[in-house]
Amino acid sequence: MARYDRAITVFSPDGHLFQVEYALEAVRKGNAAVGVRGTDIVVLGVEKKSAAKLQDSRSVRKIVNLDDHIALACAGLKADARVLINRARIECQSHRLTLEDPVTVEYITRYIAGLQQKYTQSGGVRPFGLSTLIVGFDPYSGVPSLYQTDPSGTFSAWKANATGRNSNSIREFLEKNYKETSGQETIKLAIRALLEVVESGGKNIEVAVMTKEHGLRQLDEAEIDAIAAEIEAEKEAAEAAKKAPPKET
C-alpha cells in the first residue's frame, strides 16, 4: 500500500485513491455537524469544543453565511474550510454581478463539490480534508434545500444528514425520528440528534436557523439550553411513563 498513498493521482491495484480515503478519515475525526430540513426552515447544528478561558468564542464559528440565503457547516480541517468558504463566497458574488441573480443552493453545491474533486485529480496538491453541509432557500421557488459534499467531490441532497465524529450514530437517530416538521420542532430534532453524541448538553453545541424571510440566525446559548432542558424533560417523562404500572381496567 505504501507505494500507492504517496501521490494523489495514483490508483492502487484494487481501485483506491488512498489520499482521498485519508481525507475522509480527517472528516470522521472532526467535530460532528448535523443538518435538518423542515417545510419552512433549515437548521444546522455543530459540536463545538470548549473555548480556552482567554479565547473569544465568537471568533470560532463552524456555521457561516455564503450568501444572504445560503449557509454552510463543515466537519474536518478548519484551515481548509476557510479557503473553501472564501472561494464559494467569491463565486456567489461573481454570479450576482454577472447574471444579476442570486445563486441557487444546487449551483453553489456543484461549485464546491467541483472544487473538491479538482483537488483529487492534480499532482502537487492534496484533497480538502473536510465535508460540508450546505443549506438554503431557492431564490425562485422558495423551497428549502440541504446538500452534503465530501472530500472526493461527490454531493447529494438530503432531508436530514450528519457528518464528522459519530455521524453514523446521528444518522441512525435521524432515520428513526425524522418527520416533515416546521419551526421549533425542526430545531428540536437537530438538537436532539446532536445531544445523542455531545456531552455537557447545550453549552457544547452551536446551532443556526435559516428561514426565507430572515436569513441565517445563530441561536444564543440561553436559547439552546432552554431547548436542551425541554428535551431532557420530555425524555424523563417518557421514561417515567414506561416505568409506571399499567392501569387496571
Side-chain angles (χ1 to χ4, degrees), residues 27-51 57-58 60-65 71-75 131-137 144-148 158-247:
V27 170
R28 283 191 280 270
K29 290 183 177 177
N31 293 356
V34 64
V36 180
R37 190 189 78 194
T39 54
D40 60 350
I41 193 172
V42 201
V43 183
L44 285 173
V46 296
E47 174 190 8
K48 65 178 181 182
K49 291 180 181 174
S50 53
S57 59
R58 292 172 301 175
V60 183
R61 290 288 182 194
K62 288 208 145 190
I63 302 173
V64 297
N65 260 337
L72 177 147
C74 60
S131 177
T132 67
L133 293 173
I134 302 162
V135 302
F137 283 81
S145 302
L146 166 65
Y147 286 88
Q148 189 219 351
W158 296 77
K159 294 177 181 175
N161 196 15
T163 186
R165 189 174 67 86
N166 294 323
S167 59
N168 287 339
S169 302
I170 299 174
R171 203 173 292 115
E172 283 172 18
F173 173 85
L174 289 168
E175 284 170 2
K176 288 177 188 171
N177 295 279
Y178 179 82
K179 292 174 186 170
E180 200 80 34
T181 55
S182 62
Q184 195 71 7
E185 288 302 309
T186 311
I187 300 170
K188 198 184 285 187
L189 177 61
I191 293 175
R192 278 176 65 201
L194 271 177
L195 288 175
E196 290 291 302
V197 299
V198 176
E199 297 172 5
S200 307
K203 70 179 183 180
N204 283 344
I205 291 174
E206 182 183 333
V207 178
V209 175
M210 177 167 274
T211 57
K212 188 183 175 187
E213 296 79 18
H214 303 108
L216 189 72
R217 181 176 77 87
Q218 300 267 358
L219 299 190
D220 59 40
E221 203 169 302
E223 286 179 276
I224 296 169
D225 285 338
I227 296 168
E230 195 180 324
I231 290 165
E232 197 58 42
E234 285 175 7
K235 272 187 190 174
E236 286 172 8
E239 284 173 15
K242 282 181 188 174
K243 289 176 184 175
K247 290 180 182 178

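The structure presented is a predicted model; accordingly, all values stated were derived computationally and were not measured.
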Lys212, NZ atom: more than 12 neighbouring heavy atoms under 6.0 Å: no

Atom pair CD/CG of Glu213 and Asp40 - distance to nearest 0.5 Å: 8.0 Å

From OG (Ser145) to CD1 (Ile134), nearest 0.5 Å: 11.0 Å

For [X] versus [Y], what's the shortest heavy-atom pair and its separation?
X      : Y      : result
Gly35  : Leu133 : N-CD1, 3.6 Å
Pro144 : Val42  : CB-CG2, 3.5 Å
Arg171 : Ala162 : NH2-O, 2.7 Å
Leu146 : Val36  : CD2-N, 4.2 Å

For Glu172, all residues meeting salt bridge (charged side-chain N to carboxylate O under 4.0 Å, His left out), sequence neighbours excluded: none

Contacts of type side-chain contact (heavy atoms from CB on, under 4.5 Å), residue Ala73, not counting sequence neighbours: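 Expected list: Leu44, Val46, Ile63.
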
Listed partners of Lys159 passing side-chain contact (heavy atoms from CB on, under 4.5 Å), at least two apart: Arg37, Tyr178

N/O donor-acceptor pair under 3.5 Å between Arg217 side chain and Val209 backbone: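 No, the answer is negative, given that no donor and acceptor are paired below the 3.5 Å cut-off.
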
Which atom pairs, one a donor and one an acceptor, fall under 3.5 Å between side chains of residues 180-196 and the rest of the protein, sequence neighbours left out?
residue : atom : partner : partner atom : Å
Thr181  : OG1  : Thr186  : OG1          : 2.8
Thr186  : OG1  : Thr181  : O            : 3.4
Thr186  : OG1  : Ser182  : N            : 3.4
Lys188  : NZ   : Glu230  : OE2          : 2.6
Lys188  : NZ   : Glu234  : OE2          : 3.0

Residue list, side chain to side chain donor-acceptor pair (under 3.5 Å) with [X], at least two apart or on another chain:
X      : answer
Arg61  : none
Glu47  : Arg165
Asn31  : none
Asn166 : none

